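Everything below concerns the one structure shown next.
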Amino acid sequence: MIDCHCHLSDNSFKEDVDQVIDRSVQAGVEKFIVVPEFPDQAEKVIDLSERWKGRVYPSIGVHPIQKRNKSVQMKHFTQIEPLLHKYRGKLACIGEIGLDLSPKYKLSDEQKAIQIEVFKMQLHLAKEFNLPVNVHSRCASFSTLSILSSYSLPSLLHAFDGTEEEIHSAIQMGSHLSISPAFTTSKQGELLASLTPLSQLLLESDSPALGMEKGRNEPSSIIHCANFISKVKGIPADQIVTSTTENAKRLFSL
Ligand SMILES: [Zn+2]
């Protein structure tokens with residue numbers, strides 16, 4: 001299996017990231033696409049990929065929500081831009097990038113506009129570097145899809161919260177959709193797993209977040225995502241594992 005979206009550079013893995021990777025490899029996770037959220041995690045992701053060559057594949061990008069739940073600012077993009085140029089040849093994708101317009105953040109129109117601008121600038125670089133994008137979209141499906149479609153980039157929409165209609169648009173655009181452990185117990189997960197053709201489905205842990213239970217999630221949990229897709233689609237689990245692995249290799253050129 002390949003975990004297409006995990007945050008092994010997160011502080012909660014600081015003490016034991018190597019054991020976590022070991023455990024996950026033992027559990028059948030062959031490769032990890034590690035995505036940072038904040039500029040100060042980018043070098044950590046690169047370090048990890050150097051230490052775990054052939055296992056950890058790095059991504060760089062700025063998440064729409066930064067530390068202390070603050071909406072992204074242009075300065076975050078300015079910090080990440082030189083790193084994107086410096087490491088472009090090493091990257092599996094650009095991410096985690098995207099839009100998060102969740103009402104709980106009470107974003108101003110200006111903050112929303114900056115999120116969109118930062119998203120577009122990173123999509124622009126992905127186009128220039130010929131890299132796929134690892135995308136976060138929360139309460140923002142319409143904007144995310146319309147912006148993404150204008151760049152026609154290979155993409156992964158992780159833990160996508162769009163409606164049935166929006167899932168169809170994403171599929172039609174050729175986007176890949178990934179199922180996280182938390183989605184295996186939700187209506188949204190069922191919708192994603194049933195509507196998305198197997199050729200566009202991927203597995204993700206989003207660890208340390210989006211586990212099935214409270215507490216730290218680990219990449220080894222993606223076996224539950226494969227079993228869940230198997231149940232929803234009525235296709236044997238080993239076939240789900242084979243297909244999602246092939247999809248990930250194709251999308252990220254692994
Ligand atoms: Zn994430």
Side-chain angles (χ1 to χ4, degrees), residues 1-14 17 20-21 24 29 31-42 44-46 48-49 56-72 76-77 80 91-102 104-105 115 118-119 122-123 126 131-141 144 148 155-162 170 175-184 186 188-189 192 201-222 224-225 244 248 251-252:
M1 295 175 288
I2 297 180
D3 187 348
C4 292
H5 184 111
C6 57
H7 299 283
L8 296 179
S9 57
D10 188 87
N11 265 340
S12 61
F13 291 119
K14 207 167 101 190
V17 68
V20 170
I21 294 176
S24 299
V29 185
K31 296 174 192 294
F32 310 77
I33 305 290
V34 179
V35 289
E37 293 171 292
F38 318 125
D40 65 2
Q41 291 177 336
K44 286 188 204 164
V45 173
I46 298 292
L48 203 58
S49 72
V56 167
Y57 291 81
S59 176
I60 292 181
V62 278
H63 194 283
I65 300 298
Q66 290 293 302
K67 289 181 180 169
R68 292 180 296 279
N69 286 337
K70 292 270 195 322
S71 192
V72 71
H76 299 115
F77 175 72
I80 211 87
L91 302 178
C93 56
I94 291 188
E96 179 171 0
I97 62 174
L99 300 175
D100 195 323
L101 308 180
S102 305
K104 65 176 177 187
Y105 297 125
Q115 271 197 22
V118 170
F119 183 36
Q122 296 181 95
L123 291 172
L131 284 170
V133 285
N134 209 313
V135 177
H136 171 105
S137 172
R138 208 66 74 243
C139 305
S141 310
T144 302
L148 256 185
S155 60
L156 158 60
L157 286 164
H158 108 92
F160 189 55
D161 66 352
S175 274
H176 292 70
L177 295 136
S178 53
I179 305 283
S180 65
F183 273 45
T184 63
S186 76
Q188 185 66 11
L192 284 168
L201 270 174
L202 297 170
L203 309 177
E204 65 151 312
S205 67
D206 201 26
S207 48
L210 294 190
M212 292 170 79
E213 288 141 23
K214 277 213 168 85
R216 191 180 75 167
N217 179 25
E218 293 189 7
S220 54
S221 64
I222 60 174
H224 301 299
C225 310
T244 52
L251 176 62
F252 299 113

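It should be emphasised that the depicted structure is a prediction, and the values quoted were computed from it without experimental measurement. First listed ligand is number 1; within each ligand, the first listed atom is number 1. Along the sequence shown, the residues carry numbers beginning at 1.
Ser71 and Gln115 are linked by a side-chain donor-acceptor pair at a separation below 3.5 angstrom, with hydrogens and angles left out of the test. Under the 3.5 Å distance criterion, with hydrogens and angles disregarded, no donor-acceptor pair is assigned to the side chains of Ser59 and Asn134. With hydrogens and angles left out, the side-chain atoms of Gln41 and His7 include no donor and acceptor closer than 3.5 Å. In this structure, a donor-acceptor pair under 3.5 Å is present between the side chains of Ser175 and Ser155.
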Step-by-step side-chain hydrogen bond (donor to acceptor under 3.5 Å, both in side chains) determination, Ser205 to Asp3: CA-CA 6 Å; Ser205 67; Asp3 187 348; 2.5 Å; yes
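Here Glu37 pairs with nothing under the salt bridge (charged side-chain N to carboxylate O under 4.0 Å, His left out) rule; sequence neighbours left out.
Inspection of the environment of the Zn ion (ligand 1) yields the following protein N, O or S atoms under 2.8 Å: His5 NE2, His7 NE2, Glu96 OE1, Asp206 OD1.
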